[in-house]
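Working notes for the structure below.
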Amino acid sequence: MPEKPYDHSQIELKWHERWQDATFYKAEENSSKPKFYVLEMLPYPSGTLHIGHIRNYSIGDALARYKWMRGFNVLHPMGWDAFGLPAENAAIANKRPPREWTLQNIAAMKKTHRRFGFSYDWDREVSTCEPEYYRWNQWFFLKMYERGLAYRKEALLNWCPKCATVLANEQVVDGCCWRHEDTKVEQRALVQWFLKITDYAEQLLDDIAQLEGGWPERVLTMQRNWIGRSEGTEADFTLDPDGSPIRVFTTRVDTIYGATCVILAPEHPLNAAILDDEGKARAKAMVDARANRDPGDIEKEGFFTGRYAVNPYSGEKVPVWIGNFVLMGYGTGAIMAVPAHDERDFEFCRKYGIPVRPVIRPVDGVLAVEPGMKEAFCEYGIVENSGEWSGLPSEDARRRMSALAERKGFGKAAITYRIKDWGISRQRYWGTPIPMIHCPACGVVPVPERDLPVVLPEKIEITGAGRSPLENVPEFVNVTCPACGAAARRETDTMDTFIDSSWYFYRYCDARNSQAPFDPAKIAYWFEIDQYIGGVEHAILHLIYSRFFTKVMRDLGLVQNSEPARRLFTQGMVIAEGVKMSKSKGNVVGADMLAEKYGADTARMFVLFAAPPEKEVDWRWEGAEGIYRFLGRVYRFATRNVPQEERSGESDRKVLRKLHQTVKKITEDFETRWHFNTCIASVMELVNLLYAEEANISATAMREVLEKLALLLAPFAPYVSQEIWEELGGEGVLFHQSWPAFDPELARDDEAEIVVQVNGKVRSRITAPFGTPKEELEPRALADDKVKPFVEGKQVVKVIAVPDKLVNIVVK
RNA sequence: GCCCGGGUGGCGGAAUCGGCAGACGCACCGGACUUAAAAUCCGGUUUUCCGCAAGGAGAGUGCGGGUUCAAGUCCCGCCCCGGGCACCA
């Protein structure tokens, strides 16, 4: 049969149309098969899919198809992270409602999705900007409020002038806004809503142990650092002469006899009482200077308050300073400075001539001598010059001194976390309204559950200036108090959009439920997510919030799992010809453009071929051409060889061996490390061999090879492999076939090739049956013609033989 | 500064457990087919030296040491690149 040319657009269009309304990607509700939940992070509907998305989805899709072929009941959903600022900014720029803009973008992106043939169960599609979805954000918020996990407080908050809203700590990168890397965040005092993620800090940290092995170590480390657990002691110094306490937090209470001053943060509440007007002005200047500090270090500065405080252990009186490097937001906002044993304190005290007093000596050394110390000694050691504690190792002193503080009532052992509560109020329109009402009589009153959802008004003018645009919508703002019926005002802030993405993967399990966020029974079946796939940039934002939500939901009795995802895979970035893709550089490789030029199969396969999925990949158009050529080679070969006239079959053994080796390799990779680049390379090797041996393959062998070839390519290039399947006379949807099995006997080479080295250099190769013992290999190697010249006239010192691998002859 | 990754041909990358470095692809060169080109198919391509050639010898995985019969892979010390954290008491 003559070969057919590879017309990718015709093939892809044909199957695209046939699959349009097909239902075979649907997850089954009541299945006897084992379940597999594979999930890619949901995209923001910016309007276009780019090559980075395609990479993410190609990895997930390959896995989903493989799992289907392995007989799993696969859940593979997709949705839209549809709330957020870009829609609002677009609305201001184009005078179009955010909703309209968003829906249009979703439609466009979904079209591209379908063009690529990703295997999503679109019946479960979730769009977070729909009231059917965000009402459950509100519902969760109310549940958290009931449990005291949602609360309101005034705090200094990160304000991005470009976003015109506050940001959570997680959304501040190097002092700048996560979306505007050139825009420094300002500190503003505002009253806003917080979620008490700190209540779960310990669990978030402890449960990382469950994720070991399934999540990248890098992500876990970042989370550990972000949570920042620190074990230490809180102790009260007392202000002289009135005795009011200054509480400090330290991890090194064993060094407290070396404390030579107490330093307060410039915004410490006590400052109001102890500073004169000049001091207050200086403190304020420090706070302001820090607000627009450069990322990086600023010079340590401070001044003496004129007051003294008493060390609760030694009874010593030390000066009280204000220092710009002491953070109000961490610990107690006050520290004891022990310059001899802390680098920062050392730097500060040297600068201002405050005494340095060593009290810890190295375990196998002597106490440092002052004056003359060049740097702080920060390690554990033996406590010296510290009254009754002298002679104790640091670890013991820490424990016993904490216990004393507790007993005497001037302090306690304490654990401090770096993570702070999650500020979720946003002074913007396009987000979930916070379901709260402010009543002049009753105070803050939650919207009753029966009144949910609090729907975002549609007709609204958005200017982007100042307060939430919702404030200008009287019919939204003006309500009656659910408690007393008096006139009241609705909360006009909306929720951080990270709330939306904190639980969307639960909604996929029961996406159309109008009575509850989901049916817990369905969650019990599908969870945990077996494989989550996304970018590493979410390592501490989305991924820590999601873990928090899951734990809260578990405590609400809604889910049984403590963690959302058993395994996480973070794929590498896609860059274009050596440079990072960005809109401003105009080098963004769009998905439609790709599909246009080479077809979806080629685009998907190239992005998997170019590098292992966890690594950065460099998109080069010439490289994509290589894959296009390869798919053409496969297609033409298949079409011209089926049905096939009888041929000798003398190469059957060779070809089938390669085939089974390839099946083995790819199967193992899917189960372990996902190096699809080498999987694809191995199929290329197989095809190269097929070309070389084409005339000598029997009809039966050819059929087996072609069928399995189509199956092997199905996860990576679903269109063309389906077309080949049909050409072969195959029935039904390709990825509903079983994944090909390999025969280990067939996959094995007949004989082992054994490398013969002399002094570690390869001199010859011999073949021997597998399992030939070294006793037989050695003489054969020594007798080899190519080896002899290197051995003759020399003394054979020793011979190392590794069966099935090599013989190394050491001569002198 | 601290903690992770990483450094292999002209390029992307392979070598999964210490055992043949450079699979596979790109680019390039040559050949076949063609009036010609494209497409396609076949072959070559780390490098130095010896040789007309077939072939042979040596070097080589960022740099310097080490362990080992054997090191891209393990150990020690550096250099460079990428990422994360960075006054967290």
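We name chains A, B, ... by the order of the sequence lines, and we start the count at 1 in each one.
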Check: CG of A:L806 versus P of B:C17: gap in Å, rounded?
Finding: 18 Å
Notebook entry, point to check: Can you find an N or O donor on one side and an acceptor on the other, under 3.5 Å apart, linking the side chain of A:K805 with the base of B:C20?
Noted result: no
Check: Would you call B:G9 syn or anti, using the 90° rule around 0?
Finding: syn
Next item on the list: Go ahead and name the base partner of B:G82; Watson-Crick or wobble counts if both distances stay under 3.5 Å, otherwise write none.
Entry: B:C4
Item checked: Nearest listed nucleotide, side chain of A:I800, among B:C69, B:C87, B:A23 -> B:C69
Next item on the list: On the 0 to 90° scale, with breaks at 30° and 60°, tag the A:F348-A:Y352 ring pair as parallel, tilted or perpendicular.
Entry: tilted
Note to self: Quick check: on RNA chain B, is the nucleotide nearest A:F606 upstream (toward 5') of the one nearest A:K300, or the reverse? Name the residue that is more 5'.
What the structure shows: A:F606
Note to self: Heavy atoms from C-beta onward define the side chain here; which of B:C69, B:C24, B:C26 lies closest to that of A:K798?
What the structure shows: B:C69
Note to self: Is there a side-chain contact between A:T672 and the phosphate of B:U16, meaning an N or O under 4.0 Å from OP1 or OP2?
What the structure shows: no
Notebook entry, point to check: Is A:R418 touching bases, backbone alone, or none of the nucleic acid, heavy atoms closer than 4.0 Å?
Noted result: base
Next item on the list: Any strand is fair game: report the nucleotide pairing with B:A59 by Watson-Crick or G-U wobble, both distances under 3.5 Å, or none.
Entry: B:U46
Note to self: Tell me the interatomic distance from A:E614, atom CD, to B:U16, atom P, rounded to whole angstroms.
What the structure shows: 14 Å
Notebook entry, point to check: Which one, B:A21, B:A89, B:A23, comes nearest to the side chain of A:V762?
Noted result: B:A21
Note to self: Categorize A:E753 for me: base, sugar-phosphate, or nothing, with a 4.0 angstrom heavy-atom threshold over every strand shown.
What the structure shows: base
Note to self: I'd like the P distance from B:C26 over to B:C78, given in whole Å.
What the structure shows: 43 Å
Margin query: Please verify the inter-ring angle class for A:W422 with A:Y545; under 30° counts as parallel, over 60° as perpendicular, anything in between as tilted.
Written below: parallel
Check: In whole angstroms, how far is the C1' atom of B:C4 from the CZ atom of A:R224?
Finding: 12 Å
Checklist line | B:A59 versus B:C74 - spacing of their P atoms, nearest Å | finding: 23 Å
Next item on the list: May I have the distance from A:L220 (atom CG) to B:G5 (atom P), rounded to whole angstrom?
Entry: 13 Å
Notebook entry, point to check: Among B:C85, B:C24, B:C87, which nucleotide sits nearest the side chain of A:M684?
Noted result: B:C24
Notebook entry, point to check: How would you label the contact of A:R763 with the nucleic acid (heavy atoms, under 4.0 Å): base, sugar-phosphate, or nothing?
Noted result: sugar-phosphate
Next item on the list: Could you state the atom-to-atom distance from NE2 of A:H675 to P of B:A23 in whole Å?
Entry: 19 Å
Note to self: Output the rounded distance in Å from CG (A:N225) to C1' (B:C85).
What the structure shows: 6 Å
Check: Hey, is B:C17 sitting syn or anti, using the within-90° cutoff around 0?
Finding: syn
Item checked: 5'-most by nearest nucleotide on RNA chain B - A:E616 or A:G760 -> A:E616
Next item on the list: Round to the nearest Å and state the distance from A:N808 atom CG to B:A71 atom C1'.
Entry: 13 Å
Check: If the C1' atom of B:G83 is compared with that of B:A70, how far apart are they to the nearest Å?
Finding: 35 Å
Next item on the list: Describe, in one word, how the ring planes of A:Y628 and A:Y6 are oriented to each other, choosing from parallel (under 30°), tilted (30 to 60°) and perpendicular (over 60°).
Entry: tilted
Note to self: Which nucleotide wins on minimum distance to the side chain of A:A681, given the candidates B:A14, B:C11, B:C24?
What the structure shows: B:C24
Notebook entry, point to check: Heavy atoms under 4.0 Å, any strand shown: does A:V536 hit a base, just sugar-phosphate, or nothing?
Noted result: nothing
Notebook entry, point to check: Within 45° of the ring axis of A:F770 and under 6.0 Å from its six-membered ring centre, is that where the NZ or CZ of A:R748 lies?
Noted result: yes
Notebook entry, point to check: Are A:R567 and A:W215 in a cation-pi contact, defined as NZ or CZ under 6.0 Å from the six-membered ring centre and within 45° of the axis?
Noted result: no
Note to self: Please classify the nucleic acid contact of A:G626 as base, sugar-phosphate, or nothing, using heavy-atom distances under 4.0 Å.
What the structure shows: sugar-phosphate
Check: With both distances kept under 3.5 Å, what pairs with B:C52, Watson-Crick or G-U wobble?
Finding: none
Next item on the list: Consider the side chain of A:E622, meaning its heavy atoms from C-beta on, and name the nucleotide among B:C26, B:A89, B:G13 that approaches it most closely.
Entry: B:C26
Checklist line | Value in whole Å for how far the P atom of B:C87 lies from CD of A:E347 | finding: 12 Å
Item checked: Under 4.0 Å protein heavy-atom contact, by nucleotide of nucleotides 38-47 of chain B - B base, S sugar-phosphate only -> --SSS-----
Notebook entry, point to check: Where the side chain of A:T678 is concerned, which of B:A15, B:A89, B:G13 is the nearest nucleotide?
Noted result: B:A15
Next item on the list: Would you indicate what A:F790 reaches in the nucleic acid, counting non-hydrogen atoms under 4.0 angstrom: base, sugar-phosphate, or nothing?
Entry: sugar-phosphate
Next item on the list: Quick one: look up who B:U40 pairs with, Watson-Crick or G-U, both distances under 3.5 Å, and put none if it's unpaired.
Entry: B:A32
Notebook entry, point to check: A:F410 and A:F237: aromatic ring centres closer than 6.0 Å?
Noted result: no
Margin query: Does A:R229 have more than 12 heavy atoms from other residues, nucleotides or ligands lying within 6.0 Å of its CZ?
Written below: yes
Check: Can a cation-pi geometry be assigned to A:K300 and A:F325, taking NZ or CZ under 6.0 Å from the six-membered ring centre and within 45° of the ring axis?
Finding: yes
Next item on the list: May I ask you to establish whether A:R604 and A:F716 are in a cation-pi arrangement, using a distance under 6.0 Å from NZ or CZ to the six-membered ring centre and at most 45° from the ring axis?
Entry: no
Notebook entry, point to check: What does A:K665 touch in the nucleic acid at a heavy-atom separation under 4.0 angstrom: a base, only the sugar-phosphate, or nothing?
Noted result: base
Check: Counting only side-chain N and O atoms of A:R673, is one of them less than 4.0 Å from OP1 or OP2 of B:A15?
Finding: yes
Item checked: salt bridge (charged side-chain N to carboxylate O under 4.0 Å, His left out) between A:K374 and A:E343, worked out -> CA-CA 10 Å; A:K374 290 274 182 290; A:E343 266 172 59; over 6 Å; no
Next item on the list: Would you state whether a donor and an acceptor, one from the side chain of A:Q757 and one from the base of B:C20, lie under 3.5 Å apart?
Entry: no
Check: Which whole number of Å gives the distance between the P atom of B:U40 and that of B:C49?
Finding: 37 Å
Notebook entry, point to check: Which part of the nucleic acid does A:P5 contact within heavy-atom distance under 4.0 Å: base, sugar-phosphate only, or nothing?
Noted result: nothing
Next item on the list: Under a 3.5 Å limit for both distances, which nucleotide forms a Watson-Crick or G-U wobble pair with B:G10, could you say?
Entry: B:C26
Note to self: Please determine whether ring-ring contact (aromatic ring centres under 6.0 Å, His included) holds for the pair A:F569 and A:W674, giving the CA-CA distance in whole Å, both sets of side-chain angles, and the decisive distance to 0.1 Å.
What the structure shows: CA-CA 10 Å; A:F569 187 89; A:W674 295 9; 4.8 Å; yes
